[in-house]
Amino acid sequence: MNDYKLWYSAPATGWSQGLPLGNGRIGAVVMAAPLREVWSMTELTYWSGQADPEPAPARGKAVLEEMRRHFMNGDYKEGDRLAKQHLQPGKQNFGTNLRLCEVVIEFVEQGQQPGETGHFRRELDLTAAVAGAVYHGRSGALHREVFASHAGNLVASRIWSSQPGTVSFTLSLVKGTEEFTVAAADGGTLDFESQATEKIHSNGACGVYAKGRVQVIISGGRIHSRDGQLVIEGADEAQIYFAVSTSYRRSGKDWESESRRTLEQAAGKSYGRLREEHIADYREQYDKVNIQLGRSYMADLPTDQRIQSLARGGEDDPQLFALFFQYGRYLTIAGSRADSPLPLHLQGIWNDGEACRMGWSCDYHLDINTQMNYYPAEITNLGESHLPLMRYIEELAQAGRTTARNLYGSPGWVAHVVSNVWGFTLPGWETSWGLNVTGGLWLATHLIEHYEYSRDHGFLERQAYPVLKEAAVFFLDYMCVHPRYGWLVTGPANSPENSFYPGAPRRGSTAAVHGTGYGSDAGAGAV
């Protein structure tokens with residue numbers, strides 16, 4: 001029965017075809033091929049950048065009134081010039097989440113001929129949160145499985161063969177950032193350390209530090225290190241354990257030995273026990289919802305074939321919808337647990353680094369992306385996965401008090417279109433998209449949703465109500481009455497990725513009514 005398995009009979013040919021695992025902090029995308037496996041590793045707090053001081057207070061309400069006068073009289077060019085002068089900050093060390101590294105496993109099969117292939121299957125079992133692969137070649141069946149354990153705070157894998165003494169491979173680490181070093185600690189262990197640095201979103205010198213360890217334990221055969229990689233020869237079975245910790249919000253040096261302690265604890269248990277504890281912990285969340293939509297023979301086909309058939313309008317496959325409903329819940333559990341240090345970012349917790357290289361980032365977009373990550377949380381009975389976002393909103397509100405006071409001369413708090421893990425609440429560094437003054441308030445509505453589902457009065461009193469009240473206090477002070485229409489509006493403000501044409505053949509970013517934004521100028525705002 002494959003009702004709740006994503007499975008494929010072809011190898012993964014890139015990151016986009018990998019199978020994602022996560023324990024709410026560590027992410028791994030497993031790209032499996034017959035004789036090669038790559039884990040693209042991420043860690044939720046592995047961020048470049050730093051907390052930068054906010055600019056000196058602007059002229060507050062005086063300059064806002066001047067901007068509003070120009071905007072409401074249709075002089076968008078002058079209004080936007082003033083907005084750029086007073087409300088458009090420099091980027092500084094905003095930062096981004098970065099890929100940590102890759103774990104690369106190259107298998108050796110005796111008697112394998114160039115170009116020779118055997119039967120191969122890879123899968124992700126949603127009921128157990130375990131990714132697996134099996135390759136039938138000359139040396140019998142080579143089995144692999146991987147899981148990211150929230151209970152054990154690590155990623156674990158087991159490799160075994162139908163023929164004793166035929167498990168042979170090399171394991172190496174490929175850096176995700178420039179500041180990355182790896183060393184063999186003993187015959188079966190690699191230690192690595194790195195810093196999250198890059199020069200697109202920060203100055204290339206600031207970022208979170210990480211230290212981690214990869215340990216391989218074998219039955220039979222031999223293991224040794226060579227040129228910074230581990231070499232396993234003729235084993236009956238191998239187990240791989242990966243742990244990492246970072247300096248994010250950690251004082252002192254205790255965090256540096258955390259990975260070693262994690263693997264020492266794992267070594268005191270059997271692999272089977274670690275697996276059982278992982279599945280039991282995961283299913284506390286996953287088993288809260290079950291869905292059956294009916295089954296056809298299509299459910300026995302590989303997942304990629306089922307998707308292609310659906311796109312062509314092919315055979316009825318109702319259980320495919322149930323599969324992807326549960327896959328969405330799986331990703332939420334894998335990426336966000338009650339004790340996760342941060343909420344899901346722009347790519348969940350998985351990050352191959354390509355977005356950053358293109359000038360994009362893995363940050364918190366407050367103009368719908370962060371919200372969308374958590375739209376399914378409550379209605380699919382995953383309210384505990386919502387909690388990291390609740391804490392993040394609280395911290396955002398604390399940081400946003402300074403921005404409200406310095407930029408607008410207002411009480412309460414405000415955040416705009418993008419944020420990070422360093423308390424950034426200023427507008428973005430271009431008025432055409434950065435003056436989304438309602439971004440923080442929009443995100444804060446998730447506090448309401450969590451209370452509506454949980455009915456947790458303690459949460460309402462201690463967290464939700466104070467944050468929502470201060471958000472309302474800001475807008476009550478910030479809004480003004482439009483002199484022509486009598487509407488209560490915000491401004492200057494815009495609605496990112498929307499445009500308007502103010503009676504002339506040129507593009508503007510915001511007009512007198514919020515919701516008509518994104519272009520070359522900034523304007524006055526929201527009803």
Side-chain angles (χ1 to χ4, degrees), residues 54-90 366-367 397 400-419 424-444 469-527:
E54 283 207 359
R59 289 166 51 197
K61 288 185 169 55
V63 73
L64 292 181
E65 290 302 323
E66 188 177 356
M67 290 180 214
R68 287 167 176 166
R69 185 169 64 252
H70 288 293
F71 287 134
M72 293 176 181
N73 287 331
D75 187 356
Y76 303 111
K77 184 176 181 179
E78 179 60 17
D80 186 58
R81 186 191 69 80
L82 291 170
K84 282 178 164 57
Q85 179 181 345
H86 297 285
L87 302 178
Q88 181 174 285
L366 309 186
D367 58 337
R401 294 190 190 111
T402 303
T403 297
R405 181 179 65 250
N406 288 353
L407 218 60
Y408 303 112
S410 295
W413 72 276
V414 65
H416 295 79
V417 69
V418 292
S419 190
F424 184 90
T425 53
L426 291 165
W429 35 94
E430 171 51 56
T431 57
S432 65
W433 57 266
L435 273 174
N436 176 31
V437 74
T438 56
L441 179 64
W442 188 358
L443 189 67
K469 179 182 178 181
E470 286 199 50
V473 165
F474 169 79
F475 280 99
L476 288 172
D477 184 81
Y478 180 71
M479 290 190 293
C480 64
V481 176
H482 195 289
R484 183 180 306 173
Y485 303 109
W487 296 338
L488 194 61
V489 301
T490 63
N494 68 10
S495 181
E497 302 187 42
N498 287 278
S499 301
F500 75 97
Y501 297 86
R506 68 183 184 87
R507 200 178 190 188
S509 67
T510 37
V513 180
H514 185 59
T516 54
Y518 203 81
S520 59
D521 308 312
V527 176

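Atom set for the values below is all heavy atoms of this structure, side chains included, hydrogens, waters and symmetry mates excluded.
- The distance from the CG atom of Leu443 to the CG atom of Asp367 is 11.0 Å, given to the nearest 0.5 Å.
- Within the 4.5 Å cutoff, no side-chain heavy atoms of Thr431 are placed close to those of Pro492.
- Taking the six-membered ring for Trp and thresholds of 30 and 60 degrees, Tyr485 and His482 have ring planes inclined between 30 and 60 degrees apart.
- With sequence neighbours left out, the salt bridge (Lys or Arg N to Asp or Glu O under 4.0 Å) criterion links Lys469 to no other residue.
- The side chain to side chain contact (heavy atoms under 4.5 Å, CB included) test applied to Glu78 returns His70, Asp75, Arg81, Leu82, not counting sequence neighbours.
- Contact detail for Phe424 and Val418: the closest heavy-atom pair is CD2-O, 3.5 Å.
- Between Pro89 and Pro427, the shortest heavy-atom contact is CG-O, 3.1 Å.
- Atom CG in Leu476 sits 8.0 Å away from atom CG in Leu488 (nearest 0.5 Å).
- Closest heavy-atom contact between Pro411 and Ala404: O-CB, 4.1 Å.
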Evaluate the side chain to side chain contact (heavy atoms under 4.5 Å, CB included) criterion for residues Asp477 and Tyr408: first the C-alpha distance (whole Å), next the side-chain angles of each, then the deciding distance (0.1 Å), finally the verdict. CA-CA 9 Å; Asp477 184 81; Tyr408 303 112; over 6 Å; no
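- With Pro57 as the fixed residue, the side chain to side chain contact (heavy atoms under 4.5 Å, CB included) test singles out one of Asn406, Leu407, Thr402: Asn406.
- To the nearest 0.5 Å, the span separating CD on Glu66 from NE2 on His86 amounts to 6.5 Å.
- In this structure, the separation between NZ on Lys61 and OH on Tyr478 is 10.5 Å, given to the nearest 0.5 Å.
- Looking at heavy atoms from C-beta onward, Phe474 lies in side-chain contact with Val437 at the 4.5 angstrom threshold.
- In terms of modelled atom types and a separation under 3.5 Å, the side chain of Asn436 and the main chain of Ser495 share no donor-acceptor contact.
- Pairing each heavy atom of Leu366 with each of Trp442, the nearest pair is O-CE3, 3.8 Å.
- The side-chain heavy atoms of Trp413 and Thr425, taken from C-beta on, include no pair separated by under 4.5 Å.
- If you take CG on Leu87 and OG1 on Thr403, they are separated by 11.0 Å, rounding to the nearest 0.5 Å.
- Shown here for Pro55 and Leu426, the closest heavy-atom pair between the two residues is CD-CD1, 3.6 Å.
- For Glu470, the salt bridge (Lys or Arg N to Asp or Glu O under 4.0 Å) partners at least two apart in sequence or on another chain are Arg401.
- Heavy-atom minimum distance, Pro483 versus Met72: CD-SD, 3.2 Å.
- A side chain to side chain contact (heavy atoms under 4.5 Å, CB included) with Leu435 is found for one member of Asp80, Val417, Asn494 and no other, namely Asn494.
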